[in-house]
Amino acid sequence: MTGMLNPSGASGGRTVSGGSGPVGSFGEETGEETREEAREETGEAATRQAVREFLRRVMERDPDRIAALYAEEVDWMVAENPAVPWIKPRPARADVAGHWADLAAHTVSGEGWATVGAIVVDGAEAVVTGELGGRVAATGKTFRSPFALRLTVEDGLITRHHVYEDSLAVAAACTPDATA
């Protein structure tokens, strides 16, 4: 995610849980959860908790505390663009802290934001959708973009972080205007 969270967006976002299946064995309705469904629900609760903690820590703006939520190795994907100084490969926990530090260093403090529209959880997978924006310090230009953030949580740690955003809008804000 490129921007910081708006507290009203983080607490006012909707949570939708997915992954429910038939109750009982072989589709037979028994009124009791199967062991598989119980494990799935426990996984979804852990995923939901990790995502909420991630959003809370992003609001705190402490790169090391955010990175502490990630596994040592991370499947990190944000569309690479050389015009955006904070977007680069981040395959390890220490690199994740660097992302948030670089973001803070290259944007105007207090002008970055994000609102959360929905959080969808299915087992270890979560998708957070919303809108983000900010102002780039070097150019003074602003950007605004819808986003979807896909996270995978395993053993309480984030192992996948894929961001889908309007990377062209962010790159345009990072690119100085041509002088005549």
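Below, all heavy atoms of this structure are taken into account, side chains as well, without hydrogens, waters or symmetry copies.
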| task | Go through the steps to decide whether V74 and I158 satisfy the test side chain to side chain contact (heavy atoms under 4.5 Å, CB included), and finish with yes or no. | result | CA-CA 7 Å; V74 181; I158 298 169; 5.5 Å; no
| request: Could you give me the CA-CA distance, side-chain angles and deciding distance for R56 and E53, then say whether salt bridge (charged side-chain N to carboxylate O under 4.0 Å, His left out) is met? | output: CA-CA 5 Å; R56 190 180 69 71; E53 183 63 17; 2.4 Å; yes
| task | Let me see the working for D122 and E44 under side chain to side chain contact (heavy atoms under 4.5 Å, CB included), right down to the final yes or no. | result | CA-CA 6 Å; D122 185 4; E44 287 181 1; 3.7 Å; yes
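At a threshold of 4.5 Å between non-hydrogen side-chain atoms, the residues E165 and V78 count as touching. W76 places none of its side-chain heavy atoms less than 4.5 Å from the side chain of K88. Looking at W86 and V170, their side chains come closer than 4.5 Å, going by heavy atoms from C-beta outward. Under the 4.5 Å side-chain criterion, counting only non-hydrogen atoms from C-beta, E80 is in contact with P89. Residues L157 and R93 form a side-chain contact, since some pair of their non-hydrogen atoms from C-beta on lies under 4.5 Å apart. Counting heavy atoms from C-beta outward, V163 and I87 have side chains that stay 4.5 Å or more apart.
Using modelled atom types, no side-chain atom of E73 and backbone atom of A92 make a donor-acceptor pair closer than 3.5 Å. Formation of a donor-acceptor pair under 3.5 Å by the T139 side chain with backbone atoms of A173 is found in this model. When atom types are taken as modelled, the side chain of R135 and the backbone of G140 share a donor-acceptor pair closer than 3.5 angstrom. Looking only at distances, no side-chain donor or acceptor of T152 sits under 3.5 Å from a matching main-chain atom of T159. Looking only at distances, no side-chain donor or acceptor of H106 sits under 3.5 Å from a matching main-chain atom of A137. Using modelled atom types, no side-chain atom of R65 and backbone atom of R57 make a donor-acceptor pair closer than 3.5 Å. Counting only distance, with no hydrogens or angles, the side chain of K141 and the backbone of T175 share a donor-acceptor pair below 3.5 Å.
Taking each heavy atom of V116 and I119 in turn, the nearest pair found is CG1-CG1, 3.9 Å. Closest non-hydrogen pair, N81 versus A171, comes out as ND2-CB, 3.3 Å. Contact between F147 and A114 at its shortest, heavy atoms only, is CE2-CB, 4.4 Å. The shortest heavy-atom contact between A67 and V96 is CA-CG1, 4.0 Å. Closest approach of L103 to T107, counting heavy atoms only: O-OG1, 2.7 Å. The minimum heavy-atom distance between C174 and P85, with the atom names listed, is SG-CD, 4.1 Å.
How far CE of M77 is from CZ of R160: 9.5 Å, rounded to the nearest 0.5 Å. From E125, atom CD reaches atom OG1 of T47 across 8.0 Å, with rounding to the nearest 0.5 Å.
Using a 4.0 Å cut-off between charged side-chain N and carboxylate O, R90 and D95 make no salt bridge.
Under a cut-off of 6.0 angstrom, the local environment of CD in Q49 is sparse, with at most 12 non-hydrogen atoms contributed by other residues, nucleotides or ligands.
The aromatic rings of F54 and Y70 lie perpendicular to each other, with more than 60° between the two planes, well past the 30° mark.
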